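Read the structure below first, then the notes.
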Amino acid sequence: MHSTHPIEALKHQLDALRHTDKKGFMRLNTPCQVGNLMGWLNVQSVYPLLYWQSRDAGAVEYAALGIVKAFGSLAALQADLAVLADSGGEQPDYFGGMAFDPGTSGWQHFPDCHFLLPRIELRRHQAGATLSLNLRFDDRCPEAEIAQARACLAALEEEQPLPCLLPNVYRREDYPAQKEWTASVEQVTHPDHLSHTPKVVLSRETCLTTPETPSPWALLARWQAGAADCFHFGVQFTPHEAFIGCPPERLYKRKGRHLMTEALAGTTRRGQDTQQDQALADELLADKKNSLENQCVYQQLLTQFEPLSSHVQMGEAHIVKLRSVQHIRRLIHAELHRDVTDQQLLAVLPPTPAVGGVPRKSALAFIRQHERHRRGWYAGVFGRISHTSSDLAVAIRCAHIGPETIRLYAGAGIVAGSQPDEEWHELDTKIADIMSLLGMG
């Protein structure tokens, strides 16, 4: 922020609250000027730090920090949404995510489920930017709440330019190595296994070790610049660890009772020129193996939505082009029954067949038995939930950044006809964007 005026403005609004009868949730807002939201996040000292932008054109960009309230379960989050919905006032946004396979040992500092109402929100929309302070008076002492909010405002730092991404030397190791990968693919594609589990999504962790990792926010900003048509997210629960990503896949978008989701599965590379690119896209749509992979996904989604909705409609298969890859995508629209909640949706939808497999139970059993790395929040869920609308991405094309390591994750849907070497190469294509940003492409 270019001046302290927005912070002073919020302090004045906070002072005025001392003598009013406060109830429920309250958001104080002031317009502000901001250049780069990640440049603002990069200098803050109040954790957690969080960034979110949906992939829709003109989507609001959110940067948030601090915690008013946090929830370690969907039931607790849904209960809080209900309390505030009944109060009839302004409805807040909650941000957070979930692990791929809750209940298995995940990543340290990343709980199975964690959604939060942030203390400070910086939102950039088409009309400009707004700095907001979130307050809750329904379950806490008003004086203490105001004092905590004031302390958080006082700790805010001025936006700074992001540090440059300097060339670095990384040591690379893949888990599993190619030989083990080949063995797993052969097990999944064995006719006996295919007879009960037609698809398993196997993943790989690429671990890059270096004496000094780059700023996660500088890395995400650079990555975002080349990842249009994707979601963009980042979260830093502690100063030395971050999870960032530019996933192309939507888990679902809900507005009231209308829900939109998609089957995104089946992959090929981008071509050298327009003609080759189109030829590869046509080939992808006509390819049996990739069509089967997409079909596995949409059939399971349709089955899951049947009991939750009064009407489900599926669109035609089309190609979505990203920087390094192209995918087959089908959009699905559903009209939810009146009482269906985000808690119910999140209890049945993830992990999607695009990151787990079909049927889910036996695919997950195979993954638990054979994958030695921990997926944590990779292939889990990340996004925004509110009473009126929710927007969530599947957390793929992501990086988990620690003090001396960057862990990249990629997965491939293994179905009848999958070739181990081709699938291994697909994993490299999927991490090509971020590898090139790190000077390793």
Side-chain angles (χ1 to χ4, degrees), residues 37-38 41-42 48-56 59 61-64 95-101 106-107 109-110 113-115 162 165 201 203-208 213-237 241-253 262 264 267 320 322-325 327 350-352 354-356 373-384 391-402 405-412 427-438 440-441:
L37 268 67
M38 293 189 224
L41 278 173
N42 192 58
L49 302 173
L50 198 141
Y51 180 88
W52 168 254
Q53 188 176 33
S54 179
R55 71 170 190 217
D56 302 327
E61 199 182 356
Y62 297 88
F95 299 90
M98 290 163 58
F100 165 74
D101 190 7
W107 301 336
H109 306 129
F110 284 81
C113 173
H114 191 79
F115 280 88
L162 283 163
L165 284 179
V201 181
S203 74
R204 181 186 73 190
E205 177 184 274
T206 296
C207 184
L208 307 174
T213 51
S215 149
W217 303 111
L219 189 55
L220 180 58
R222 178 83 70 86
W223 194 358
Q224 179 186 42
D229 297 325
C230 289
F231 295 87
H232 308 120
F233 75 83
V235 63
Q236 216 174 348
F237 291 125
E241 193 177 18
F243 181 47
I244 63 171
C246 293
E249 186 181 352
R250 167 169 271 141
L251 180 67
Y252 69 82
K253 179 183 185 175
E262 65 194 25
L264 186 84
T267 307
V320 56
L322 304 173
R323 202 166 77 167
S324 307
V325 292
H327 296 296
T352 70
V355 292
H373 57 276
R374 294 184 296 183
R375 289 197 186 191
W377 278 27
Y378 158 66
V381 176
F382 198 95
R384 178 191 65 78
D391 203 357
L392 297 148
V394 179
I396 54 174
R397 311 297 144 81
C398 56
H400 180 211
I401 303 167
T405 56
I406 298 177
R407 296 175 194 277
L408 310 177
Y409 296 89
L427 300 179
D428 283 335
T429 307
K430 284 175 172 173
I431 62 168
D433 285 2
I434 192 153
M435 292 292 272
S436 67
L437 298 182
L438 295 166
M440 296 183 70

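Nothing fancy with the numbering, it's 1 onward along the sequence. What you see is a predicted model; the values in this text were computed from it and never measured. Below, each value reflects all heavy atoms present in this structure, side chains not excepted, and no hydrogens, waters or symmetry copies.
- A donor-acceptor pair under 3.5 Å is absent between the side-chain atoms of Gln53 and the main chain of His232, judged by distance alone.
- Of all non-hydrogen atoms in Cys398 and Tyr378, the two that sit nearest each other are SG-CD1, 3.6 Å.
- In plain terms, the two heavy atoms of Leu427 and Ala412 that are nearest each other are CD2-N, 3.9 Å.
- Taking the six-membered ring where tryptophan is involved, the planes of Phe110 and Phe237 are perpendicular, since the angle between them exceeds 60° and thus also 30°.
- In plain terms, the two heavy atoms of Cys207 and Thr405 that are nearest each other are SG-CG2, 4.1 Å.
- In this structure, Ser324 contributes its side chain and Ile431 its backbone to no donor-acceptor pair below 3.5 Å.
- With rounding to the nearest 0.5 Å, the separation of CG in Leu437 from CZ in Arg222 is 6.5 Å.
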- Before giving the answer on side-chain contact (heavy atoms from CB on, under 4.5 Å), spell out for Leu165 and Ser215 the whole-Å C-alpha distance, their side-chain angles and the decisive distance to 0.1 Å. CA-CA 8 Å; Leu165 284 179; Ser215 149; 6.0 Å; no
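- The aromatic rings of Phe233 and Phe382 sit parallel to each other, their planes meeting at less than 30°, with 60° as the upper class boundary.
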- Candidate pair Trp377 and His400, rule side-chain contact (heavy atoms from CB on, under 4.5 Å), full reasoning: CA-CA 9 Å; Trp377 278 27; His400 180 211; over 6 Å; no
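- Within the 4.5 Å cutoff, no side-chain heavy atoms of His114 are placed close to those of Val235.
- Pro248 and Arg55 get closest at one heavy-atom pair: O-NH1, 2.7 Å.
- Residues Pro350 and Val355 fail the side-chain proximity criterion, which asks for heavy atoms closer than 4.5 Å.
- Checked for salt-bridge contact, Arg407 and Glu205 meet the test: a charged N lies under 4.0 Å from a carboxylate O.
- Annotation: the span from Phe95 atom CZ to Leu392 atom CG amounts to 11.0 Å, rounded to 0.5 Å.
- Aromatic ring centres of Trp223 and Tyr51: separated by at least 6.0 Å.
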- Task: Show your working on side-chain contact (heavy atoms from CB on, under 4.5 Å) between Ile434 and Leu219 and close with a plain yes or no.
- Result: CA-CA 9 Å; Ile434 192 153; Leu219 189 55; 4.1 Å; yes
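- In this structure, CG on Leu50 lies 11.5 Å from OH on Tyr62, to the nearest 0.5 angstrom.
- Listed here is the closest heavy atom pair of Ile396 and Ala379: CG2-CA, 4.2 Å.
- Between the CZ atom in Arg397 and the SG atom in Cys230 there is a gap of 8.0 Å [rounded to 0.5 Å].
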- Worked check of side-chain contact (heavy atoms from CB on, under 4.5 Å) between Met435 and Asp428: CA-CA 9 Å; Met435 292 292 272; Asp428 283 335; over 6 Å; no
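- Rounding to the nearest 0.5 angstrom, the gap separating the CD atom in Gln236 from the CD1 atom in Ile244 is 10.0 Å.
- Annotation for Glu249 and Leu264: closest pair CB-CD2, 3.6 Å, computed over non-hydrogen atoms.
- Interatomic distance, His327 NE2 to Glu262 CD, rounded to the nearest 0.5 Å: 10.0 Å.
- When atom types are taken as modelled, the side chain of Arg374 and the backbone of Gly106 share a donor-acceptor pair closer than 3.5 angstrom.
- Looking at Val320, Asp433, Thr429 one by one, the single match for side-chain contact (heavy atoms from CB on, under 4.5 Å) with Val325 turns out to be Thr429.
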